There are 2 protein chains.
Amino acid sequence: MITKETSRRLDPEKVIDSALAIADDEGPAAVSFRKLAALHDVTPMALYRHFKDKEDLLAALGDRILADVVVPEPSDKRWDKQLHALLTGFVTVLRAHPRLADLTLPRILVAEPGLALSERALELLTEGGFTTDDAAEVGRQSICSLIALVTTDPIALEVSDPEAREASLRRKRAALSSLSPQRYPLITSAAGALICPSSRDRYYDLGIDLVVAGIRGVLDQER
Amino acid sequence: MITKETSRRLDPEKVIDSALAIADDEGPAAVSFRKLAALHDVTPMALYRHFKDKEDLLAALGDRILADVVVPEPSDKRWDKQLHALLTGFVTVLRAHPRLADLTLPRILVAEPGLALSERALELLTEGGFTTDDAAEVGRQSICSLIALVTTDPIALEVSDPEAREASLRRKRAALSSLSPQRYPLITSAAGALICPSSRDRYYDLGIDLVVAGIRGVLDQER
DNA sequence: ACCTGAACACCGTTCAAGT
DNA sequence: ACCTGAACACCGTTCAAGT
């Protein structure tokens, strides 16, 4: 909920609260200093005391999201199982803010929970057999893939505007169903799955499985 | 290059040329109807004859990029080798416009070369053993991962502004080197690889390998 | 059909000034 | 230290009008 603040002093954490609410609802582009200022009964310029510029404000949103990351305790399970659990936890955090997952990428090696996640991922990857440098590159790309998974979640998008969502789905369906089944037999027969996966949990399970299986795969083929 | 147009009639294809040049140089956000209008000696509103709104203009950029996609002829090689080649071709096209790779996602099932690519990918995935629906979901996520690979290419970003790039790298390096090696031993020792991979070709080879290995992996574990 | 002109409702950000 | 006010240089888009 976006509620109007009426306290005397401007609290940057409360500004971030508002910004997060707006961004969740209408996307990061809808966040503006002017809107936030009005919400907090202050001049737009007052915000520049606490945020260097808009990029800095969005970075604060990324940090806020990453604050929810928890790193599971090491267990006796195989390294790849533990990595799977670690990445699943990361994705769960991102899923709370589908339109904002991107904001976390530039903050992962800055915000503390991002660092803890990264360090643990590198531990598990080296335990699996990667060199430190290879672990770094593989880990980096895995994080990017998982962020993309959430960002392009075809179900979550525009939850706040269900009619726009329905309209968008109908448009896509119409476009695909107008294709020639002779020329595109597989696309037309898989139209449903291409537009929108059957289950959201299945979508995420598959996405995470693909990432972890890819990691195991490149490890095997390098030996 | 962004050059000024002086023809009588407004040619939408030439507007797209300019828009692509601006977007490549300064990012999609820097593309504006007003700038394009000035470039073509026309009122901003004149562009609305040819583009419904800004989203429509960016969609045209996505289509323009996808126009370069070529689908390799079927060969006798294994399905996964052929898929690897198909996806490598796709990534090569995207790499020509690192900041714009995102624009292609909503156009893949609309623009003809995107459809041809998708149909061929589904053929190869079903040949590998996926059901049509699973092939659709796996293909979808692979495309998303590869787009993310290009979008987050740590080397390509801000090529137009090399000093900003250097400054950004220096800032990241400073941030990582200020971390405690006791608390983050792997991050600090892998700092170089985390900030910027050694080789660009290696970066892309690894990214594509991860995707294809992931596909093979989930296929095996489902049997 | 194709383009113009003026206007509306927004932006981020700088600068100088107030308390 | 913290906030204001006015201004600058932008945006996308609507509407009514011109040829």
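Owing to the predicted nature of the structure, the values given are computational and were not obtained by experimental measurement. Proteins get letters first, then strands, A, B, ... in listed order; numbering begins at 1 in each. Hydrogens, waters and symmetry mates play no part in the numbers below; they use all other heavy atoms, side chains included.
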Among the nucleotides C:dC3, D:dC11, D:dC3, whichever has the atom closest to the side chain of B:Ala46 is C:dC3
I'd like to know if the side chain of A:Ser199 and the backbone of A:Arg202 have a donor-acceptor N/O pair within less than 3.5 Å.
yes
How close do B:Leu20 and B:Leu61 get, counting heavy atoms only, and between which atoms?
N-CD2, 3.7 Å
A:Arg34 CZ to D:dT4 P, in whole Å, measures 14 Å
On the nucleotide C:dC3, are OP1 or OP2 found under 4.0 Å from the side-chain N or O atoms that B:Thr43 carries?
no
Answer yes when B:Arg64 and B:Glu13 have at least one side-chain N-carboxylate O distance shorter than 4.0 Å, and no when they do not.
yes
For atom CZ of B:Phe33 and atom P of C:dC3, their distance in whole Å:
14 Å
Quick one: is A:Tyr48 getting a side-chain N or O under 4.0 Å of the C:dT13 phosphate, OP1 or OP2?
yes
B:Leu47 CG to C:dC2 P, straight-line distance once rounded to whole Å:
13 Å
So, the side chain of A:Gln141 versus the backbone of B:Tyr203: is there a donor-acceptor pair under 3.5 Å, distance only?
yes
Distance, rounded to the nearest Å, where A:Met45 contributes CE and C:dC11 contributes P:
15 Å
Is any NZ, NE, NH1 or NH2 atom of the basic residue among A:Arg200 and A:Asp153 found under 4.0 Å from an Asp or Glu carboxylate oxygen of the other?
yes
For D:dT13, what is the paired nucleotide under Watson-Crick or G-U wobble rules, both distances under 3.5 Å?
C:dA7
Just by distance, with hydrogens left out, do A:His84 and A:Asp209 show a side-chain donor and acceptor under 3.5 Å apart?
yes
Look through every strand shown and name the nucleotide pairing with D:dA1 as Watson-Crick or G-U wobble, where both distances are under 3.5 Å.
C:dT19
Rounded interatomic separation in angstrom, taking CG from A:Asp41 and P from D:dC2
19 Å
With rounding to whole Å, what would you report as the distance between C:dC10 and D:dA9 at their P atoms?
22 Å
Ranking A:Ser32 and A:Arg49 by the position along DNA chain C of their nearest nucleotide, the one closer to 5' is A:Ser32
Which whole-number value in Å describes the distance from A:His40 NE2 to D:dC3 C1'?
15 Å
Does any non-hydrogen side-chain atom of A:Leu122 lie less than 4.5 Å from one of B:Tyr184?
no
For DNA chain D, find the residues of residues 50-58 of chain A with a heavy-atom distance under 4.0 Å and give them by number; none if there aren't any.
A:His50
